[in-house]
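Below: the structure, in structure tokens.
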Protein chains: 2
Amino acid sequence: MKTPSTSPTSSTPLRGTQPHCQTCSLNALCLPLSLKDTDMERLDDIIRRGRPIQKGQLLFQQGETFQSVFAVRTGALKTYTLASNGEEQITGFHLASELIGLSGYEADCYPLTAKALETTTVCEIPLPQLDTLADELPDLRKQLMRTMGTEIRHDQNMMLLLSKKNAEERVASFLLDISQRYQRRGFSASHFRLPMSRVDISNYLGLAVETISRVFTRFQNNELIETQGKEIILRDMDALYEMAGLVSSTHCEKHDE
Amino acid sequence: MKTPSTSPTSSTPLRGTQPHCQTCSLNALCLPLSLKDTDMERLDDIIRRGRPIQKGQLLFQQGETFQSVFAVRTGALKTYTLASNGEEQITGFHLASELIGLSGYEADCYPLTAKALETTTVCEIPLPQLDTLADELPDLRKQLMRTMGTEIRHDQNMMLLLSKKNAEERVASFLLDISQRYQRRGFSASHFRLPMSRVDISNYLGLAVETISRVFTRFQNNELIETQGKEIILRDMDALYEMAGLVSSTHCEKHDE
DNA sequence: CGTGGATTTGAATCACCTCAAAGGTCGTGG
DNA sequence: CCACGACCTTTGAGGTGATTCAAATCCACG
């Protein structure tokens, strides 16, 4: 019983059954979003469901031939790029319903590595079939491009974070980002389990592990959060939003000034 | 005569004529890439060519309704996002033939602002028509997705740069990136004119202006580069590649180890 | 030729990093 | 069930690369 019942990862839709997009509880968040039933069936036909991959295992590796994109069904992964000196930079964490691998679209091989943070199941979508289907189903094509657009905006927000924010602002932004993503999935926005280690967080945020730890402690002393290992409770989300520099949504608001 | 003949920006294809994709010298780099002649004509039909925008003018602004994507015909622009505290983070510089605005695809308004770094002409592609055409021309759809994939990989490289590289490595990476992009366009890889100010470079690289200036002088003292205002000559590209941590191409190589 | 902005240079400061070590946690096997 | 070891997390002390502040110099442009 390592994960308490509050943990989002403990809820695994479709475990043990042969899953289909039509019956998947994530289809309103995932690629089938906005697809008609008949279209969803065609997408469903090309999707391959593999056995779970264990914590620490790779889904694909930087440099391998680009063959498929993946949707996370349960669990969580991190994706990272390798610098030539061997250092890794985590570019994203991926929770259930999120799509991985589209960034390799143009290239013939994956530009990054995907590693499971815990036991994870994914839906594999082979590129050739997806490509064909994208030409035949306008809704799917739009959804793919929307996904890529979202990824670009995420990465550009990270550039701003890495370039302009201090340690506390980075951690606050990170916690709220995770919070929002869990909320979208119907979980608590304030009480959840971080699937990644402190080291992963520090790498992602461009800080030293020790700094993450110190900021967490400081946030606890100021009663902004409570932590117990990977479990975390956001106690003062307003203050965190303030600190993160996110009044509500950072982009796409009418500017009036 | 502010720009010498070596300057890439001094060569303006199609100036003064009513331009078309079919005759544009950039069509092998731009969106029409890999389009059949008949398809290119259909794309050409929906493209609007406006009057030049002057240095400092905005092409579009964060928060405005998302209506069009743009291809740079001549000149250069920067795109940047605004943090809630008003600070701007430059997310990219855009030279001739490059596409701007696709990152807004999902959203209903532009997630960033585009400002001209010099007098610039663009081709405007209204979204509704582009969207329709993308459903009808598989090659165009693929090209759009390739462009977005390239953008994602660029941004993820920037994340690595901002998170892991020191000032010298950042500047070296930046100079080589610009160099490669000019080279693709048929200009010198070692002798070119930087269209952006030092302030813009510093913002983009997540450093203070003073740091950029100091690194430039250090590079000059070590005979890696020569600078004369915005003109720059790369004297020792091997050393710069070494320093940037780019042996050749950073991603997408077979890893053997 | 003068003005305002951009660039360069210098000196002092600081936020975060590195190094070092103590505590915790988790999985494993006796 | 408990002990062990490996790894992760936390805390402390000291160092540093880049920043900030200040000022001189250069440059484009009217």
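Each chain gets a letter, A, B and so on, in the order the sequences are listed, and its residues count up from 1.
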Measure from the ring center of A:Phe187 to the ring center of A:Phe192 and say whether it is less than 6.0 Å.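 Not close enough - the centres of the two rings lie 6.0 Å or further apart.
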I'd like to know if [X] pairs up with [Y] as an ion pair, taking the criterion as any Lys NZ or Arg NE/NH1/NH2 lying under 4.0 Å from an Asp or Glu carboxylate oxygen.
X	Y	result
A:Lys230	A:Glu118	no
A:Arg181	A:Glu98	yes
A:Arg235	A:Glu226	yes

Show your working on side chain to side chain contact (heavy atoms under 4.5 Å, CB included) between A:Asn157 and B:Thr81 and close with a plain yes or no. CA-CA 8 Å; A:Asn157 268 331; B:Thr81 56; 5.5 Å; no
What residues in residues 165-174 of chain A put a non-hydrogen atom under 4.0 Å from any atom of DNA chain C?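 Of all residues in residues 165-174 of chain A, the ones placing a heavy atom under 4.0 Å from DNA chain C are A:Asn166, A:Ala167.
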First locate atom CE of A:Met237, then atom OG of A:Ser190, and finally report the distance between them rounded to the nearest 0.5 Å.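 Going from the CE atom of A:Met237 to the OG atom of A:Ser190 covers 7.0 Å.
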[X] [atom1] - [N] [atom2] separation (whole Å):
X	N	atom1	atom2	answer
B:Arg218	D:dA18	CZ	P	7 Å
A:Glu118	C:dG27	CD	P	13 Å
B:Leu117	D:dA28	CG	P	17 Å
B:Glu231	D:dC27	CD	P	13 Å
B:Ile225	C:dT8	CD1	C1'	14 Å

Under 30°, 30 to 60°, or over 60°: which ring-plane class applies to B:Phe60 and B:Phe70, parallel, tilted or perpendicular?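 Rings of B:Phe60 and B:Phe70: parallel, under 30°.
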Whichever of A:Leu207 and A:Gln228 has its nearest DNA chain C nucleotide further upstream toward 5':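 It is A:Leu207, whose closest nucleotide lies nearer the 5' terminus.
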With respect to A:Pro195, which candidate in A:Leu95, A:Leu77, A:Thr120 satisfies the side-chain contact (heavy atoms from CB on, under 4.5 Å) definition?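 Of the listed options, the one satisfying the test is A:Leu95.
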Could you go over nucleotides 8-11 of chain D and give all protein N or O partners under 3.5 Å, atom names and distances?
residue, atom, partner, partner atom, Å
D:dT9, OP1, A:Arg198, N, 3.2
D:dT9, OP1, A:Lys230, NZ, 3.4
D:dT9, OP2, A:Arg198, N, 3.0
D:dT10, OP1, A:Arg198, NH2, 3.4
D:dT10, OP2, A:Arg198, NE, 3.1
D:dT10, OP2, A:Ser213, OG, 3.1
D:dT10, O5', A:Ser213, OG, 3.0
D:dT11, OP2, A:Thr217, OG1, 2.7

